[in-house]
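In what follows, a single structure is set out as C-alpha cells and then discussed.
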Amino acid sequence: MSADLTPSRAATIPERPSLDGLEDKWGRVWAEQQTYAFDRAKALEGSRAEVFSIDTPPPTASGSLHMGHVFSYTHTDCMARYKRMVGLNVFYPIGWDDNGLPTEKRVQNYYGVRGDASLPHDPSFVPPHRGDAKSLRAGDAMPISRQNFIELCDELTVEDEKAFESLFRRLGQSFDWTISYRTIDDHSRATAQQAFLRNLARGEAYQAEAPGLWDVTFQTAVAQAELEARDYPGAYHRVAFHLGDGGAGTEPVYVETTRPELIPSVVALIAHPDDERYAGLFGSTVRSPLFGVEVPVVAHPLAEMDKGAGIAMCCTFGDLTDVIWWRELQLPTRSVITRQGRIQAEVPAWIASGPGAGLFAELAGKTVHAAREAVVAALRESGDLDGEPRATQRKANFYERGEKPLEIVTSRQWYIRNGGRDAALNDKLVGQGQSVDFHPPFMRARYSNWVTGLNGDWLVSRQRFFGVAIPVWYPLDAEGEPVWDRPIVPSEESLPVDPVTQAPDGYEESQRGRAGGFIGDPDVLDTWATSSLSPQIAAGWRRVDEDGAVTTDPLFDKVFPMDVRPQGHDIIRTWLFATIVRAYYEHGTAPWRNAAISGWILDPERKKMSKSKGNVVTPEDVLREHSADAVRYWAASGRLGTDAAYDVGQMKVGRRLAIKVLNASKFALSFGDVRADADLAAMVTDPLDRALLAGLADVIEKATAGFESWDYTRSLEVTETFFWTFCDDYLELVKDRAYGANVDDAAAASARATLRLALDSLLRLLAPFLPYVTEEVWSWWHEGSVHLTSWPTADEVRLAGEPADPAMLGAVGAALATVRKSKSEAKLSMRAEVAHIVLGGPESLLDHVRAGESDLRAAGRITGSLDYVPAQTWTASDVELIPVEKPKPQA
RNA sequence: GGACGUGUAGCUCAGCUGGUUAGAGCGCUCGCCUCACACGCGAGAGGUCAGGGGUUCGAGUCCCUUCACGUCCA
C-alpha cells in the first residue's frame with residue numbers, strides 16, 4: 001500500500017518557525033504561480049461533473065468589508081479548497097457590485113457632486129474635490145451630468161475594489177482572480193440588458209402605470225424586497241365626516257386617521273362588512289370635512305374593526321391597503337402628493353368647485369408634514385376635529401436606506417413577473433426553490449415564505465443615475481407624446497447601450513425629443529436585476545465573437561447550473577430569489593444545486609455590529625493582530641446558517657493551533673530522515689504506531705464526511721481533536737523511541753515513518769482551514785503546494801495486515817495521563833522518575849497498555865516496577881516518585 | 001398575529017438516526033522553565049441539559065405544552 005504523496009525530500013526546517021510573514025510570503029507565491037487558477041481547457045474537454053462552480057457573492061464595492069464578510073467568505077473558501085483537493089476543477093470567480101445607490105451616495109460625498117440629468121456631458125470636468133469633503137450640505141453639491149457622474153462612480157469603485165482585493169488575498173481566499181467582473185463593466189451591463197430584452201420579448205417584463213412605493217428623498221420607486229417596516233411616531237386624529245348634506249341634527253361619522261393631510265385625497269370610507277356599527281351606512285355617502293367632497297361608505301374585509309374607530313379613510317394613496325381598496329372597489333384616483341413629497345401646486349378638479357379650494361391653495365407646495373399641521377389647524381377651526389390628536393406608534397414602510405416614510409405615487413415603471421400576481425407562476429418559482437439543496441435545510445422556508453407572500457411583480461426600474469440603463473427608447477407621435485407601448489429595442493449585438501446618449505437604429509440624435517422622433521428611457525435597472533445574473537455574467541452566457549456575433553461561451557454549460565450559491569440569509573428574498581427568477585426564465589432551471597447560507601456576526605454582547613453602536617472592528621486590524629489562519633479558524637468554527645459572535649478568544653485558539661502545527665511539525669520531522677525512496681507504510685510495525693494510523697484513518701473518513709455534507713465545522717473539529725492527541729500523547733509517547741537510534745533500528749523507523757505519514761495527512765486535513773501554516777510546513781519537505789495535492793484518504797494510512805485497534809492509543813494515553821496525575825498531585829515535575837507504580841484500568845484495555853509499555857515507561861519516566869490491576873476507572877496506587885534533583889546554584 | 005431558528009458548565013459551543021457515571025475549548029484554581037513549543041506543558045473544580053407533561057425498560061436526544069431570546073413576514 002503506497003500513499004499517494006507529492007515528491008518529498010529531506011526536510012529543511014527553520015530554526016524558530018513563526019506565523020509572522022506567512023501571509024505575505026505565500027500570498028505572493030500563490031499569485032505568481034496561479035495556484036488557484038481554474039483550468040478552462042480541462043473543463044472544456046471534460047464533463048460537467050469534474051467542475052465545482054461557485055456563484056460568489058459580489059460584495060458592494062462602495063462599502064467596506066466587515067467581519068460578516070470574513071465569516072461567510074471563509075466558509076465558502078474552505079469548501080472550495082476541499083473540492084480542489086478532491087480533484088475537482090474549481091470555478092471560483094470574484095465580482096464587485098459597484099452598482100446602485102450605495103455607490104451614488106459615496107460618490108456624492110466623496111466628490112461633492114450630485115447628478116442632474118438635464119445637464120450635458122462635460123468632457124473636461126474636474127470634481128470639486130476628491131475625498132475629505134468638508135461639511136457637505138445637499139445644496140453645496142455641484143450638479144453634474146449623468147455621464148460625468150457615472151465616470152466618477154467608475155473611478156472611485158476601482159479604488160475601493162483594490163482595497164477589497166488586498167483584504168481578500170490576505171484572508172487567503174482562493175479565488176481565481178482572472179475570472180472577475182464588475183456589475184457596471186461593459187460585459188455585465190450588456191448581459192443585464194440582454195437578459196432584460198429577452199424577458200421583454202417573451203412577455204416576462206412589462207411596463208405599467210400604477211401606484212407604487214416611492215422614496216421622496218431619493219426620488220425613486222422602490223420594490224417590495226427593499227421595504228423595511230419601522231416604528232414611526234404618529235398621532236390619531238379623530239375627524240368628522242358629515243352625512244348627506246350635513247344638515248343639523250345628524251351625527252357625523254368619525255374616522256381616526258394618522259394622515260389628516262390626505263383628506264383632500266379621500267375616495268371612500270371603509271368598514272368591515274361584519275361591523276354592525278356601520279352596517280346602516282353602507283351604500284350611502286358622506287362629505288369630507290373642509291373640502292366637502294362626497295364619498296361612498298363601503299364594506300371591505302381588510303378594514304380592521306378594532307383599530308381606531310373601525311372605519312377607515314381610503315385615500316389615493318396613503319398606504320398599500322388603500323391601493324388594494326382602490327383596485328378592488330374600483331375607486332377613483334385623487335392623488336395630491338407629488339414625487340417630491342409635497343402637496344401638488346394645482347387645485348384639483350374635485351376640490352376646485354368646493355368649499356376647500358382656498359385651503360388647498362394654501363397647502364399647495366407644502367411638505368407632507370407642514371400640510372398636516374395646516375389641515376389640523378383648519379379642522380380645529382371648523383370644529384371637525386374631535387378632541388386632541390392622540391400620539392401613537394405605527395408601523396410605516398421605509399426604503400431600507402431611506403429616512404422618510406415611503407409615499408405612494410402613480411408612475412410608469414418596468415416590472416418583471418415574479419409570481420406576485422400569478423398563482424401558477426408562484427407555484428413554479430416555489431418549486432424552483434425545492435430543487436435547490438439549502439444548507440442548512442430550514443433556510444428553504446425563508447425562501448418559500450417570501451415567494452408565497454409576494455403581493456406584486458418585481459419592480460425593476462429605478463430613477464437613479466448610476467446603474468445599468470434600461471435599454472429601450474420610445475417613439476414620439478405627431479404630437480410629441482411618447483408611445484409607451486411600442487418601445488424601440490436595440491439589437492443584442494449593440495449592447496450595452498445608453499438610450500439617454502445614443503439614438504436607436506433608424507433615428508438620428510437630432511430627433512431626440514421631437515415629434516415623430518424618440519426619447520430614451522431615462523431609468524436604470526434595479527441593482528438586483530444585474531446581480532441576479534451573476535452566474536451568467538461570470539460563466540459567459542453572453543459572449544461576443546470576433547465577428548461581432550452574440551453567442552454563449554462553450555464554458556457556460558460546463559459550469560452552469562453552478563454547484564453552489566453562498567450567501568447570507570438576509571438576502572434570500574432579494575438576491576437568491578431574483579437569481580432563481582432569472583435562471584428560470586432564461587434556462588428553465590435553478591441556477592445552482594446548493595445554496596450555502598451563512599449566519600450573521602454579532603458582537604460579544606449578541607448585538608448586531610454597526611457603526612452607530614461603535615462596536616465595529618475592521619478586518620484588516622483583526623487579520624494583522626491574530627493572523628489570517630487564526631481568523632479563518634474562528635470563521636470556520638461557525639456552522640452554516642448559525643449566527644456567531646465576534647470572538648477574539650476563538651481566534652486565539654486558532655492562532656495557538658497554527659503555532660502548534662509549526663512546532664509539532666518541526667519536531668515530527670526532526671528525528672533524522674527516512675530514506676527518500678522508502679515505503680513508509682511498510683516501515684510501520686509498532687502496535688502503537690499502527691493504532692495511531694488506524695485512528696487517523698477514522699478521522700479522515702469523518703472529516704471527509706463532514707465536508708461532503710457541508711459541515712466543514714465537523715471536519716475541523718474531528719481533525720483538531722485528533723491533532724491535539726497526536727501532539728500531547730502520541731508525540732510524547734514515541735519521542736524517545738524516535739530519537740537517537742540509527743536509521744536501521746526498526747522500532748525507531750516505525751515511529752519516524754508514522755510521524756511523517758500522520759503529519760502528511762494532518763496537514764492536508766487542515767489545509768482548507770489554515771492555508772498559510774499548512775503551506776509553510778508542507779514546503780519544508782515537499783515540492784509543490786499542499787493546496788494542489790490530493791485530499792487524504794483512509795486507505796493511505798490504513799495498513800496492510802492485521803487491522804490495528806485505534807483504542808490502543810487511547811488506552812496508553814490514559815495510562816500516561818494517570819502517571820502524570822500522580823506527579824501533578826505530588827506537585828512534582830513531569831521529569832520526576834517513577835520508582836514504583838500500580839496502574840489500575842479497565843481490564844479490556846490493560847493489554848493495550850502492556851503492548852505499549854516501553855513507550856509508556858519512556859514518556860512517564862517509569863524506571864522502577866510497573867504493575868497492573870483491573871479497575872473500573874484509571875487509577876494509580878502505591879506510587880513512589882523520585883523528585884528531580886534541582887541543580888545546585890553554581891557558586 | 002404567522003413562519004423559522006435558538007435556549008446544554010461563568011463564556012463560546014459539540015452532542016448524528018434515543019442506550020452505560022453529559023463533552024470540548026476559553027476563563028478560573030493548583031502545579032511544572034520536561035532537550036518542538038512558556039504564544040508552552042500537566043492536573044483540577046464547575047452542569048437537576050429553560051420549565052411542565054407525555055411516549056419508552058431507558059430522553060439532553062422523540063411528542064405535546066409553557067416561557068425567554070433572535071430573525072423574517074404581517
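First the proteins, then the strands, lettered A, B, ... as listed; each starts at 1.
B/rG51 and B/rU71 have their C1' atoms separated by 24 Å, with the value rounded to a whole Å. Comparing B/rC41 with B/rA50, their C1' atoms are spaced 39 Å from each other, to the whole Å. Look at the P atom in both B/rC69 and B/rU17: the space between them is 29 Å, to the nearest Å. Using atom C1' as the reference point in both B/rC64 and B/rG47, the two lie 26 Å apart (nearest Å). Across the P atoms, B/rC63 and B/rC16 are found 13 Å apart, a figure rounded to whole Å. With C1' as the reference atom, B/rC11 and B/rC73 are 33 Å apart, rounded to whole Å. Here the separation of B/rG19 from B/rG23, taken at their P atoms, is 14 Å to the nearest Å. Using atom C1' as the reference point in both B/rA9 and B/rC28, the two lie 12 Å apart (nearest Å).
B/rC39 is unpaired under the criterion used here, namely a Watson-Crick or G-U wobble arrangement in which both key atom distances are under 3.5 Å. In this structure, B/rC33 forms no base pair with any nucleotide, since neither Watson-Crick nor G-U wobble geometry is met with both distances under 3.5 Å. Pair assignment for B/rG23: B/rC13, on the basis of Watson-Crick or G-U wobble contacts that are both within less than 3.5 Å. Shown here, B/rU56 forms no base pair; nothing in the strands shown gives a Watson-Crick or G-U wobble contact with both key distances under 3.5 Å. Under the Watson-Crick and G-U wobble criteria, each requiring two contacts below 3.5 Å, nucleotide B/rC4 is paired to B/rG70. For B/rA45, there is no paired base (Watson-Crick or G-U wobble, both distances below 3.5 Å).
Once rounded to the nearest 0.5 Å, the distance linking CZ of A/R714 with OG1 of A/T719 reads 10.0 Å. Taken from CH2 in A/W634 to CE in A/M67, the straight-line distance is 4.0 Å, to the nearest 0.5 Å. Atom CZ of A/F577 sits about 5.0 Å away from atom CG of A/L454, to the nearest 0.5 Å.
For A/A645, counting side-chain heavy atoms from C-beta on, the closest listed nucleotide (B/rA36, B/rA74, B/rU12) is B/rU12. Distances from the side chain of A/K666 to the nucleotides B/rU12, B/rA36, B/rC32 place B/rA36 closest. Each of B/rA36, B/rC4, B/rU34 was ranked by its minimum atom distance to the side chain of A/R831; first place goes to B/rU34. Of the candidates B/rU34, B/rC30, B/rA74, B/rU34 carries the atom nearest the A/S829 side chain, counting heavy atoms from C-beta on.
B/rA36 atom C1' lies 12 Å from atom CG of A/L759, rounded to whole Å. We find that CG of A/L881 is positioned 17 Å from P of B/rG31, with the value rounded to whole Å. The CG-C1' distance, from A/N449 to B/rC4, rounds to 7 Å in whole Å. Atom CZ of A/R446 and atom P of B/rG5 are 9 Å apart (whole Å). In this structure, A/M651 atom CE and B/rC11 atom C1' are separated by 16 Å, rounded to whole Å. Going from atom OH of A/Y633 over to atom P of B/rU12 covers 16 Å, rounded to whole Å. Atoms CE (A/M443) and C1' (B/rC72) sit 10 Å apart, rounded to a whole Å. Rounded to whole angstrom, the span from the CG atom of A/D570 across to the P atom of B/rG70 amounts to 18 Å.
Sequence order on RNA chain B of the closest nucleotides to A/N397 and A/F667 puts A/F667 first from the 5' end. When the nearest nucleotides of RNA chain B are assigned to A/L828 and A/A445 by heavy-atom distance, the more 5′-ward of the two goes with A/A445.
Contact annotation for A/Q650: no contact, since no heavy-atom pair falls under 4.0 Å across all strands. Counting non-hydrogen atoms under 4.0 angstrom, A/Q224 reaches the backbone sugars and phosphates but no base. Here A/R861 lies in heavy-atom contact (under 4.0 Å) with a base.
Of the side-chain N and O atoms in A/R714, none sit less than 4.0 angstrom from OP1 or OP2 of B/rA24.
Within a 6.0 Å radius of CZ in A/R230, other residues, nucleotides and ligands contribute more than 12 heavy atoms.
Its glycosidic angle being within 90° of 0, B/rG46 falls on the syn side.
Between A/R655 and A/A630, the shortest heavy-atom contact is N-CB, 3.5 Å. Closest of all the heavy-atom pairs between A/G638 and A/H75 is O-NE2, 3.3 Å.
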Under-3.5 Å N/O pairs linking protein and nucleotides 39-45 of chain B:
unit_1: B/rG40; atom_1: O3'; unit_2: A/K660; atom_2: NZ; d: 3.4
unit_1: B/rC41; atom_1: OP1; unit_2: A/K660; atom_2: NZ; d: 2.6
unit_1: B/rC41; atom_1: OP2; unit_2: A/R656; atom_2: NH1; d: 3.3
unit_1: B/rG42; atom_1: N2; unit_2: A/S824; atom_2: OG; d: 3.0
unit_1: B/rG42; atom_1: N3; unit_2: A/S824; atom_2: OG; d: 3.4
unit_1: B/rA43; atom_1: O4'; unit_2: A/S824; atom_2: OG; d: 3.3
unit_1: B/rG44; atom_1: OP1; unit_2: A/K821; atom_2: NZ; d: 3.1

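Salt bridge present: A/E776 and A/K25 bring a charged side-chain N and a carboxylate O closer than 4.0 Å.
With sequence neighbours excluded, no residue satisfies side chain to side chain donor-acceptor pair (under 3.5 Å) with A/R327. Considering only residues two or more places apart in sequence or on other chains, A/W450 meets the side chain to side chain donor-acceptor pair (under 3.5 Å) condition with none of them.
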Walk me through whether A/D689 and A/R737 qualify under salt bridge (charged side-chain N to carboxylate O under 4.0 Å, His left out). CA-CA 11 Å; A/D689 302 338; A/R737 175 153 57 91; 2.9 Å; yes
